[in-house]
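Notes for the one structure printed next.
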Amino acid sequence: MESVKQQIEALRSQLNRHNYNYYLLSQPTISDFEFDRLMRQLMDLEAAHPEYHDPNSPSVRVGSDINNNFTQVAHQFPMLSLQNTYSEGEVADFYNRVQRSLHETFDIVCELKFDGTSISLVYEDGRLARAVTRGDGKKGDDVTANVRTIRNIPLVLKGDGIPSYLEVRGEILMPWSSFDALNIERAEQEEPLFANPRNAASGTLKMQDSRVVASRRLESYIYSMLGDSLPSRSHFENMLLAREWGLNVSDSMKKCSTLEEVFAFLKEWDVARKNLPVITDGVVLKVDSLAQQRNLGATSKFPRWSIAYKFNAEQAITRLESVSYQVGRTGAVTPVANLDPVLLSGTTVKRASLYNEDAILALDLHIGDMVYVEKGGEIIPKITAVDKEARFLLGDKVTFTRKCPDCGTPLVRNEDEAIHYCPNNDRCPTQIKGRIEHFVTRKAMDITIGPETINLLYGKELIRDAADLYLLRFDDFAGLERWGETSANNLLESIEKSKSVPYERVLFALGIRFVGETVAQKLAQAFPDIDQLTQATVEQLITVDEIGERIARSVTAYFANPLYSGFVQRLRQQGLQFALSEEALASKTDKLEGLTIVISGTFALHSRDEYKAMILQNGGKNSGSVSKNTDYILAGENMGPAKLEKAGKLGVKIIDEQTFLEMLQ
Ligand code: IVH
């Protein structure tokens, strides 16, 4: 009979092998279903036996919210940047410079320059020990917990000859597909969009909750190996070995022995890169021999043995026909440039983003201007400049609209923001319909009704807001064109069914600015019913993980607005869920009544969020900082030294997770 420990180890090594087959070789040998089954088995065993916890278990790929306090770590070797070049002439200059300095033959390795965020990975005895961002080049943030969720970064290397201490560096990227999906989701929630995959990747790496990181499907490409006892004296050979050990090294890498071969590589990839699933903005050239690299040395900023060649951003020139404005469900007004259609990297561009008033003023834009449009890493093309030489007849100067494009209300602009708003939240039809559309989406109330029907019902004055959906009766549909009995019944049924949608999704459905799906979940956990949430102050709200001041202010402003508090009131009367479920509530006790508990450090048995929820569920209070009002500190590993000192001074009792769980028994 296998021991539990052996079972866990066997599952881990099987899953590691399948991950490798899937992500590195693209040759899975089992079905996704079978993979998930093995993973579930492992996770169940791990949950039942926390004593076998291993930070490098393949189950960490799904993420958790522990261990995310980003301590700064010094790099053993500085993380330098590269000199950029933009023409073949500059590349030839580099090549000749290297030749003059070395007086011997040399090879150049050409690699694609992936446009993400750089990372340093340290493997100790073949196991991922640390992942650190570039930071200022000398020290960066320890983002290990988040990086462990990236599926093509092996947690344990495989093969022979792996140095006991190994550092590799590479780029973390967000593939186009994940980026587009993420921005669509953010647009639906009126959260600010990520400008490009690079920002999205670096923003994601710094998130508190690694479960969110796991869901965003980042990828890695490894491009260098460092250390004193490397297996080979050739960079190229080391990269081939890294690939054998399971690290993701791009197939595009090529060793060139002449300048002509280098040029051929640049030419080939300027075209071929457009078919890659990830964004590349150039080619990196590196002298292959590590001995020659050392001879060439580095300046304070750049190595002398490497340069980056940047591809030209794709540009086109076209005429600005007009500027129009769109209003979203929160009232934010965005300007859009309507262009004479033009071909740009394979797609016809008719519209470009103009962002806000300041951006328009900076361009000194006039109707009829010939403008440069560019598609860099951005999804929406942008106008980068105006060709002022091409102005024969000067058209009207573009001035930002003063009125809402829909309801005509004068716009307002907050002092510290670049965005204009239509303040007519309760009457502006586009905003109202936008809020209803958001309310019914699948991830919110999941009511099967499309924008046309919402428009129709709104036009017939059958609904003025989403709460009115619950007042619709069968007869209301009688007079409507193309509405049969079945479709009316289906809609009414779908509305009725939505009354059982759980509290956290109802919170999301309200459409509070900056309260997306994840934030709504966090709020529901911390404030298990709507009364507690309505009464929460900004100070209380920001004690919740991931909730910053911007979100907190938006939440309090929402409930302070009679329009929205009235709306919530009417939804409550209709019987929607405004508290955590029975199930969650059934486990509620008052065992921690009157106790204020601070959580610090990282835990093995439950996540911080789970402990937080347990404190709340048992009547206690969770606070972010130690003060004289603190009763206990629930301390895990690596508790912050400042908290420790303060606790000592104030004589606050420190308990470990075991003791805490016993208190709840
Ligand atoms: S080598 C000293 N190789 O570009 C050499 N960098 O502009 C350091 N990058 O910080 C970097 N692809 O984040 C290298 N194949 C590649 C790369 C690459 C992307 C990034 C990296 C670096 C930046 C420099």
Side-chain angles (χ1 to χ4, degrees), residues 1-67 119 121-131 143-166 168 170 172 175 178 210-222 240-251 277 602-607:
M1 181 66 198
E2 256 185 333
S3 71
V4 172
K5 186 157 179 253
Q6 283 167 331
Q7 280 180 45
I8 289 182
E9 275 165 7
L11 281 166
R12 284 177 183 162
S13 83
Q14 273 184 59
L15 285 161
N16 279 335
R17 190 158 38 82
H18 291 309
N19 263 327
Y20 176 80
N21 292 342
Y22 189 95
Y23 289 102
L24 276 302
L25 304 181
S26 301
Q27 277 168 352
T29 55
I30 57 168
S31 67
D32 290 357
F33 178 80
E34 181 62 11
F35 182 91
D36 292 342
R37 196 183 61 80
L38 293 173
M39 181 65 88
R40 249 196 324 275
Q41 250 179 29
L42 173 62
M43 290 173 77
D44 288 347
L45 282 174
E46 286 178 340
H49 297 274
E51 66 274 24
Y52 300 130
H53 171 77
D54 178 347
N56 284 326
S57 165
S59 61
V60 304
R61 301 293 198 197
V62 299
S64 81
D65 70 338
I66 54 174
N67 207 5
I119 195 80
L121 304 176
V122 171
Y123 284 88
E124 286 170 3
D125 297 322
R127 301 168 64 79
L128 180 63
R130 209 156 43 254
V143 290
T144 315
N146 285 345
V147 164
R148 284 203 168 103
T149 68
I150 300 174
R151 286 161 203 251
N152 71 2
I153 293 184
L155 299 166
V156 181
L157 299 177
K158 59 171 197 61
D160 305 318
I162 302 168
S164 64
Y165 179 94
L166 174 71
V168 292
I172 307 271
S178 315
S210 60
R211 279 171 299 205
V212 183
V213 182
S215 73
R216 291 202 182 162
R217 311 231 155 244
L218 298 173
E219 288 182 3
S220 72
Y221 283 87
I222 298 305
L240 293 182
L241 273 171
R243 187 185 289 154
E244 272 176 37
W245 296 338
L247 291 154
N248 189 43
V249 175
S250 167
D251 290 328
T602 64
F603 300 91
L605 303 178
H606 292 277
S607 71

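The analysis underlying the following values was restricted to heavy atoms, covering all of them including side chains, and did not include hydrogens, waters or symmetry mates. The residues of the chain are indexed from 1 along the displayed sequence.
- Applying the side chain to side chain donor-acceptor pair (under 3.5 Å) criterion to Asp54, with sequence neighbours excluded, gives Arg127.
- In this structure the side chain of Asp251 reaches within 4.5 angstrom of the side chain of Arg243, judged on heavy atoms.
- Residues meeting the side chain to side chain donor-acceptor pair (under 3.5 Å) test with Arg40, sequence neighbours left out: none.
- Contact record, Glu46 with Ser57: OE2-OG, 2.6 Å, taken as the closest heavy-atom pair.
- In this structure the side chain of Val168 never reaches within 4.5 angstrom of the side chain of Trp245, judged on heavy atoms.
- A 4.5 Å side-chain heavy-atom check between Ser220 and Ile119 finds every atom pair outside the cut-off.
- Under a 3.5 Å cut-off, the side chain of Arg151 and the backbone N or O of Ala214 do not form any donor-acceptor pair.
- Counting only N and O atoms by type, the side chains of Arg148 and Asn56 include a donor and acceptor under 3.5 Å apart.
- In this structure, Ile30 and Leu38 have side chains that are in contact, with non-hydrogen atoms separated by less than 4.5 Å.
- Counting only heavy atoms from C-beta outward, the side chains of Pro154 and Leu247 approach each other to under 4.5 Å.
- Taking the side chain as every heavy atom from C-beta outward, Lys5 and Glu51 never approach each other to under 4.5 Å.
- Proximity of a side-chain donor or acceptor of Thr144 to a complementary backbone N or O of Arg130 within less than 3.5 Å is not detected.
- When the ring-ring contact (aromatic ring centres under 6.0 Å, His included) test is applied to Tyr221, the partners found at least two apart in sequence or on another chain are Phe114.
- Between Leu42 and Ile8 the shortest side-chain heavy-atom distance falls below 4.5 Å.
- Salt bridge present: Arg37 and Glu34 bring a charged side-chain N and a carboxylate O closer than 4.0 Å.
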